[in-house]
Asks: 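Would you mind keeping the following structure in view while I ask a few things?
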Amino acid sequence: MRCADSGRPVRSRWTWTGVEVNLAAAICAAQFAVAFTVRWVGTFDDDDHGAGLGGGFAAVGLLCLLVFGPPLLAVLGLLHAVTFTMPAATLARLVTRRAPGPEGAWHLGFVLVLGTFWAALAVVLLGLAPTGVPALLIAVSGVPPALGAARTRWRERVSGRPPAGRRIWLRSAIAGFGGCLMVIVAGTVALATGVIQEYEPPKLGAEQLTGVWHGDHGAVLRLRADGRAELTALPAQPEFGDVATKEFTRCDGTGKWFLDTSGRYDPYADGHALERRDGVVVRVGDCGHDTYWTIGGTAAHPELFVLFGDPDSGDLRILKQD
């Protein structure tokens, strides 16, 4: 840091002040909190496959969220700041010394360039869709911190003093909490008014279930129209296990299958998890026990799934039709 003739401090080309880093990290933390809440509300119409947290698990999960959530968001915000906002700020300072235009505009432009780079990297490494919402959000995630930095620079020039770091984080926490609360209220109202429809599993007949279903680790289930089933590495209930165990066996060979629409064979029909959903009972004489594959997904993209163990922490296995 050096001083100009006016006696006011002039920022170095390369260094970042603590206020700048705090501001960028705080804005990022707030927007991450809102983004996570939006993503959660977006699951209101998803199939939970009978899994979920309830009772004591829900209480522990909420406690962990309240205790570890804020510092985790702060770390994510800081990481975002040093990979998006601050490098772009440095580039903007260098460019404005040689090119016309306000520093804020250059900062915003460089943030979008860096965001596009990180979005492209996520597409390559994580398999995100190039035109999907996650990639787009990554590309523009640096815009709010850049706009916040521009506004802070303006306020600093007007008032002659930078904002306090604690005040920045306090305002970020209030903004993040308020944004999350607004999203939750909006999602609840949308669910109550029918704008967001609760998930309803498809109603499939035997002819629609007939065909080949594939799962993980080479699992294959072929359901034939005559009621025969052909299995390859298919998960099944252990012969001497119970519904509460997460253990399962993998079966090969042939057996029988039939459609159950009354929930008679559903091990969770009387509980809180699946509430009597249609399913396919797969019966193999010399391997494991009868296994109830619940129907899920949509009519266009149906699924069969089974949850081994407790609904709160069970082992979920899914089959998808060719």
Asks: Report the C-alpha separation of Trp257 and Leu221 in whole Å, then their side-chain angles, then the decisive distance to 0.1 Å, and conclude whether the side chain to side chain contact (heavy atoms under 4.5 Å, CB included) test is met.
Replies: CA-CA 10 Å; Trp257 75 276; Leu221 173 62; over 6 Å; no
Asks: Could you walk me through whether Arg277 and Asp47 pass salt bridge (charged side-chain N to carboxylate O under 4.0 Å, His left out), step by step?
Replies: CA-CA 12 Å; Arg277 288 173 57 166; Asp47 186 1; 3.1 Å; yes
Asks: Linking I/L/V/M/F/W/Y whenever any side-chain heavy atoms sit under 4.5 Å apart, do Leu128 and Leu137 land together?
Replies: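 Leu128 does not cluster with Leu137.
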Asks: Would the number of heavy atoms belonging to other residues, nucleotides or ligands and lying under 6.0 Å from CZ of Phe177 be above 12?
Replies: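 For Phe177, atom CZ is not crowded (no more than 12 foreign heavy atoms under 6.0 Å).
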Asks: Does any non-hydrogen side-chain atom of Val280 lie less than 4.5 Å from one of Phe258?
Replies: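 Not touching, per the 4.5 Å side-chain cut-off.
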Asks: How are the rings of Phe308 and Phe248 set relative to one another: parallel (under 30°), tilted (30 to 60°) or perpendicular (over 60°)?
Replies: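 Plane angle under 30°, so parallel.
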Asks: Please verify the inter-ring angle class for Trp40 with Phe44; under 30° counts as parallel, over 60° as perpendicular, anything in between as tilted.
Replies: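 If you compare the ring of Trp40 with that of Phe44, the planes turn out perpendicular.
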Asks: Evaluate the side-chain proximity of Leu304 to Ile318: yes if any heavy-atom separation is below 4.5 Å, no if none is.
Replies: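 No - every pair of side-chain heavy atoms lies 4.5 Å or more apart.
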Asks: Using every non-hydrogen atom in the two residues, find where Ala119 and Ala135 come nearest and quote the distance to one decimal.
Replies: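 Here Ala119 and Ala135 meet closest at CB-O, 3.5 Å.
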Asks: Report whether Leu191 and Ile184 are members of the same hydrophobic cluster (ILVMFWY, side-chain heavy atoms less than 4.5 Å apart, transitive linking).
Replies: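 Yes: a chain of side-chain contacts under 4.5 Å links Leu191 to Ile184.
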Asks: Please give me the minimum heavy-atom distance between His80 and Gly142, naming the atom from each residue.
Replies: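 The answer is CE1-CA, 3.7 Å.
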Asks: Kindly work out whether a path of hydrophobic side-chain contacts (I/L/V/M/F/W/Y, heavy atoms less than 4.5 Å apart) joins Ile138 to Leu78.
Replies: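 Per the 4.5 Å side-chain linkage, Ile138 and Leu78 are not co-clustered.
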Asks: Within the structure provided, determine whether Ser141 and Phe84 are in side-chain contact (heavy-atom separation under 4.5 Å).
Replies: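 Result yes, sub-4.5 Å side-chain heavy-atom pair found.
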Asks: Do Leu319 and Phe305 make a side-chain contact, defined as non-hydrogen atoms from C-beta onward lying under 4.5 Å apart?
Replies: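 SC-SC contact between Leu319 and Phe305 ruled out.
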Asks: Assigning hydrophobic clusters by single linkage (Ile, Leu, Val, Met, Phe, Trp, Tyr; side-chain heavy-atom cutoff under 4.5 Å), is Leu121 placed with Leu126?
Replies: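 Leu121 and Leu126: one cluster.
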Asks: If you take all heavy atoms of Ala233 and His217, which pair is closest and at what distance?
Replies: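 Closest approach of Ala233 to His217, heavy atoms only: CB-O, 4.1 Å.
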Asks: Which residues satisfy the side-chain contact (heavy atoms from CB on, under 4.5 Å) test with Val34, sequence neighbours excluded?
Replies: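 Only Val38, Cys180, Val183 meet the side-chain contact (heavy atoms from CB on, under 4.5 Å) criterion with Val34.
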Asks: Search all heavy atoms of Leu223 against all heavy atoms of Leu209 and return the closest pair with its distance.
Replies: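 Result for this residue pair: CD1-O, 3.5 Å.
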Asks: So how far is it from Leu204 CG to Glu303 CD, rounded to the nearest 0.5 Å?
Replies: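 Here the interatomic distance stands at 11.0 Å.
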Asks: If you define the side chain from C-beta out and look only at heavy atoms, does anything of Pro202 sit under 4.5 Å from Ile295?
Replies: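 Result yes, sub-4.5 Å side-chain heavy-atom pair found.
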Asks: Nearest 0.5 Å, please: how far is NZ in Lys256 from CZ in Arg283?
Replies: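 Atom-to-atom, Arg283:CZ and Lys256:NZ are 8.0 Å apart.
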Asks: Please answer: with hydrophobic residues joined when any side-chain heavy atoms are less than 4.5 Å apart, are Phe117 and Leu125 in the same cluster?
Replies: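 Yes, it is one cluster - the side chains of Phe117 and Leu125 are joined through contacts under 4.5 Å.
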Asks: Around atom NE2 of His214, are there more than 12 heavy atoms from other residues, nucleotides or ligands closer than 6.0 Å?
Replies: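 Yes.
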Asks: Is the shortest side-chain heavy-atom distance between Val95 and Phe110 below 4.5 Å?
Replies: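 Result yes, sub-4.5 Å side-chain heavy-atom pair found.
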Asks: Give me the atom names and distance for the closest heavy-atom approach of Thr83 to Trp118.
Replies: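 Thr83 and Trp118 have their closest heavy atoms at O-NE1, 3.1 Å.
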Asks: Should Leu234 and Val220 count as side-chain neighbours, where that means a heavy-atom distance under 4.5 Å?
Replies: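 No, every pair of side-chain atoms sits at 4.5 Å or beyond.
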Asks: Tell me the closest heavy-atom pair linking Gly255 and Leu231, and the distance in Å.
Replies: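 Closest approach of Gly255 to Leu231, heavy atoms only: N-CD1, 4.3 Å.
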Asks: Determine whether more than 12 heavy atoms belonging to other residues, nucleotides or ligands lie under 6.0 Å from atom CH2 of Trp213.
Replies: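 Enclosed.
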Asks: Could you give me the CA-CA distance, side-chain angles and deciding distance for Arg224 and Asp226, then say whether salt bridge (charged side-chain N to carboxylate O under 4.0 Å, His left out) is met?
Replies: CA-CA 5 Å; Arg224 297 194 175 277; Asp226 59 1; 5.8 Å; no
Asks: Once you round to the nearest 0.5 Å, how far does CG of Asp322 lie from CZ of Arg222?
Replies: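 Reported value, rounded in 0.5 Å steps: 8.5 Å.
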Asks: Is there a side-chain contact between Thr261 and Asp278, using heavy atoms and a 4.5 Å cut-off?
Replies: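 Yes, at least one pair of side-chain atoms sits under 4.5 Å.
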